[in-house]
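This report concerns only the one structure given below.
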Amino acid sequence: MASIPRAGHLDSSLAFLREGYEFVGRRCRSLGVDLFRTRLLGRTFHCAQGAEAAAMFYHPGRFTRAGALPSSVLKLLQDEGSVATLDAAAHRHRKAMLMSLMSPAALEDMAARAAVALRRRAESWPARGEVGLHAEFRASLGEAVCDWAGLALEPAAQARLTDQLGAMIDNAGRIGPANWIARLRRQGAERDLARRIAAVREGRATAPEGSALQVIAFHQNPDGSLLSEALAAVELLNILRPTVAIARFMVFAALALHEHPAARPGLAEPDRLLAFVQEVRRLAPFFPIVGGIARSGFSWRGVDFPAGSRFILDLYGTNRDGRSWEAPLEFRPDRFLGWAGNPFTLIPQGGGDHFTGHRCAGEWLTIAVMQAMLRVLALELHYQVPPQDLSVDLSRMPALPRSGFLVRA
Ligand code: HEM
């Protein structure tokens with residue numbers, strides 16, 4: 001252990017909350033390392049950054065997520081028994097079910113619905129003066145994903161669910177009352193979805209063949225049993241909530257478009273559209289880190305780490321690591337033209353393999369939806385960007401431009 005430098009002698013939890021996305025990177029820079037130890041929440045954590053660290057972290061089966069996140073975050077973003085907290089064969093079985101929802105046809109369907117919903121909402125912009133793009137993207141995605149997932153809700157119920165999903169994302173990085181209120185609202189959403197699952201199972205409601213609602217309702221555990229209604233609702237939420245969260249990436253896409261107007265016409269070309277989306281995902285501050293606990297002992301760089309060692313992988317810093325990216329802080333979508341791909345350098349949604357590891361189940365859906373919505377925003381809609389505070393507070397996780405990005409049609 002002696003070879004791993006230590007950052008701070010006291011607990012760094014408050015510094016982590018204060019510094020947010022920059023916490024790991026700052027300490028790596030000042031110590032001149034890509035791995036250090038620190039104390040968070042009263043325990044020792046190893047914090048690592050970069051592609052080599054990502055390959056170590058995403059070594060199949062090495063880390064469990066169970067117990068790795070503080071419960072204030074877990075209770076809003078995942079839950080006990082959900083795919084993220086499973087390991088080994090149980091994880092692979094549940095993950096295969098979620099990945100079965102991500103066929104190319106299903107992604108195309110969801111992307112098309114998101115584009116239609118955004119176009120329709122934008123029709124109301126001229127009559128509304130200034131509109132906040134974050135809310136507009138969120139509402140469009142809520143409408144699109146509820147239909148795509150097979151929920152077919154009345155408009156009022158769908159707007160309420162979208163609000164509940166939004167509150168879970170907004171408050172995941174907070175502690176105290178805002179977090180507790182969002183948790184209560186999450187429980188309300190879970191109860192409604194659990195009732196819906198029960199109705200589908202009992203034939204009192206229908207769900208389109210192959211929809212998330214139908215697939216999750218009838219998914220069988222390896223022993224042939226169905227998921228409990230509560231757990232099925234949790235997995236459905238794990239599809240709905242992060243899809244609504246794509247609104248945050250879309251705000252950063254709108255910001256990049258605003259700052260790089262010359263890129264706009266090129267977005268008619270599929271390659272350039274994809275490259276732009278990848279560059280937005282690389283640079284946008286979203287999930288700062290992922291945490292894991294070693295399931296058994298392993299060695300890395302000549303150091304033995306015992307079972308139970310706690311690690312934090314810096315997603316934000318790895319996406320901006322100068323060892324992997326030329327001019328890493330510059331917005332240069334062209335770097336992705338002809339990019340061969342790499343599971344450990346571009347990791348805004350985790351790294352490694354989607355099926356055997358914990359890499360985000362919705363990454364392909366995120367990319368497909370962003371391309372479709374960006375195409376509408378950049379090539380079809382006309383809007384002005386009035387003067388406003390577009391700066392981003394990096395101590396707020398998840399982050400957004402302070403104004404929420406206002407536009408006027
Ligand atoms: C909005 C942008 C998104 C971001 C930034 C994001 C980020 C992440 C991250 C960092 C992880 C954890 C990876 C790990 O533990 O190593 C994750 C896991 C996950 N994400 Fe996403 N995600 C997004 C969108 C989505 C979407 C659209 C869906 C579903 C449609 C989704 C479903 C999941 C699921 C089910 C997991 C757990 C996977 C597992 O443990 O195997 N995410 N995501």
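These numbers were taken from a predicted model, which means no experiment stands behind them. In each ligand, atom 1 is the first atom listed, and ligand 1 is the first ligand listed. Just the heavy atoms: all of them, side chains too, but no hydrogens, waters or symmetry mates, feed the values below.
- Within the 4.0 Å heavy-atom cutoff, Tyr58 counts among the residues contacting ligand 1.
- Looking at Asn238 next to ligand 1, no N or O pair under 3.5 Å apart turns up.
- Distances from atom 17 (C) of ligand 1 to the heavy atoms of Cys360, Ser82, Gly352 show the closest one on Cys360.
- No donor-acceptor pair closer than 3.5 Å links the side chain of Thr345 to the backbone N or O of Ser324.
- The closest approach between Gly357 and ligand 1 falls below 4.0 Å for a heavy atom of the residue.
- Relative orientation of the Trp300 and Phe305 rings is tilted, given thresholds of 30° and 60° on the angle between their planes.
- Ligand 1 is approached by His91 to a heavy-atom distance shorter than 4.0 Å.
- Between Met102, Met370, Glu363, His358, it is His358 that holds the heavy atom closest to atom 39 (C) of ligand 1.
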Acceptor/donor pairs from residues 260-267 side chains to any protein atom, 3.5 angstrom cut, sequence neighbours excluded:
from	atom 1	to	atom 2	distance (Å)
Arg264	NH1	Ala378	O	3.2

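- A donor-acceptor contact shorter than 3.5 Å is absent between the side chain of Lys95 and the backbone of Ala84.
- Residue Ala245 approaches ligand 1 through these ligand atoms, each under 4.0 Å from one of its heavy atoms: 1 (C).
- By the 6.0 Å and 45° rule, Arg282 stacks over the aromatic ring of Trp325.
- Only the side chain of Leu315 comes within 4.0 Å of ligand 1, judged by heavy-atom distances.
- In this structure Phe355 satisfies the ring pair (Phe, Tyr, Trp, His ring centres under 6.0 Å) test with no other residue, sequence neighbours excluded.
- Counting heavy atoms only, Thr366 comes closest to atom 27 (C) of ligand 1 of the residues Leu86, Ile347, Thr366, Val290.
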